[in-house]
Trainee: 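Dumping the structure here so I can ask a few things about it.
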Amino acid sequence: MQYWLMKTEPDECSIDDFAKTPAAVIRWDGVRNYQARNFMQEMHIGDEVFIYHSSCAKIGVAGLVRVVRAAYPDPTQFDSASTYFDSKSQPDKPRWVAVDLQYIRRFTEVIPLAAIKTMPAFTDHPLVAKGNRLSVVPISSEQREALNQRANRHKEDDV
DNA sequence: GCCAACGTTGGC
DNA sequence: GCCAACGTTGGC
């Protein structure tokens with residue numbers, strides 16, 4: 001099992017969109033960056049994906065979802081009506097891929113970027129690097145542990 | 001294959 | 001809204 005983190009602007013797709021229909025399978029499409037695409041192609045069914053909210057009021061990791069379908073051609077690249085349309089993509093040779101995701105859990109509180117920056121496990125992670133623009137990044141098991149611990153801390157505080 | 005110009009991302 | 005950092009494009 002591998003772990004990943006994917007960025008999204010919550011206006012477009014947030015952890016709440018997953019949470020409101022937990023059984024729903026949501027297609028993660030529209031990724032138009034080669035490095036991010038390459039990571040998506042490495043994803044396997046069952047992998048866990050941390051959902052990161054960017055460019056919003058509460059920047060940080062908001063919850064967890066699971067890969068339920070590995071990479072397949074992103075249909076939006078062929079759709080001329082889509083903002084993600086790519087005229088250079090041919091159906092027999094697609095450039096971009098999508099994966100399908102399903103809800104696991106929503107964190108009680110978003111783990112703020114500022115908190116992630118203080119985690120030793122994330123010292124050299126691209127997520128906390130200045131100017132980082134990668135929307136899909138791998139997460140180590142140590143980093144996963146650090147995020148889950150932080151997420152559960154809030155839960156225990158509530159009790 | 002280089003590199004300047006441009007568009008986009010994303011934190012603040 | 002600002003601006004730094006980055007990826008992509010296109011002329012040469």
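Keep in mind it's a predicted model, so treat the numbers as computed, not measured. Letters go in sequence order (proteins before strands), and every chain restarts at 1.
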Trainee: Please list, by residue number, the residues of residues 113-121 of chain A whose heavy atoms come closer than 4.0 Å to an atom of DNA chain B; answer none if no residue qualifies.
Mentor: A:L113, A:K117
Trainee: Does the side chain of A:W4 reach to within under 4.5 Å of the side chain of A:I139, using non-hydrogen atoms?
Mentor: no
Trainee: Charged N to carboxylate O below 4.0 Å: is that the case for A:R37 and A:D74?
Mentor: no
Trainee: Does the Lys NZ or Arg CZ of A:R69 fall within the cation-pi geometry relative to A:Y72 - under 6.0 Å from the ring centre and within 45° of the axis?
Mentor: yes
Trainee: Ion pair present between A:R66 and A:D47, side-chain N to carboxylate O less than 4.0 angstrom?
Mentor: no
Trainee: If you measure only the distance, is there a donor-acceptor pair under 3.5 Å linking the side chains of A:H44 and A:Q2?
Mentor: yes
Trainee: Describe the nucleic acid contact of A:S55 in one word from base, sugar-phosphate, nothing, applying a heavy-atom distance below 4.0 Å.
Mentor: base
Trainee: Given atom CG of A:D86 and atom P of B:dG7, what is their separation to the nearest angstrom?
Mentor: 18 Å
Trainee: List, with names and distances, any nitrogen or oxygen atoms from the protein found under 3.5 Å away from nitrogen or oxygen atoms belonging to nucleotides 8-10 of chain C.
Mentor:
unit_1, atom_1, unit_2, atom_2, d
C:dT9, OP1, A:K88, NZ, 3.3

Trainee: Name the orientation class of the two ring planes belonging to A:F50 and A:F107 (parallel below 30°, tilted from 30 to 60°, perpendicular beyond 60°).
Mentor: tilted
Trainee: Are A:W96 and A:Y34 close enough that their ring centres sit under 6.0 Å apart?
Mentor: yes
Trainee: Taking 4.0 angstrom as the limit, do A:D86 and A:K88 come out as a salt bridge?
Mentor: no
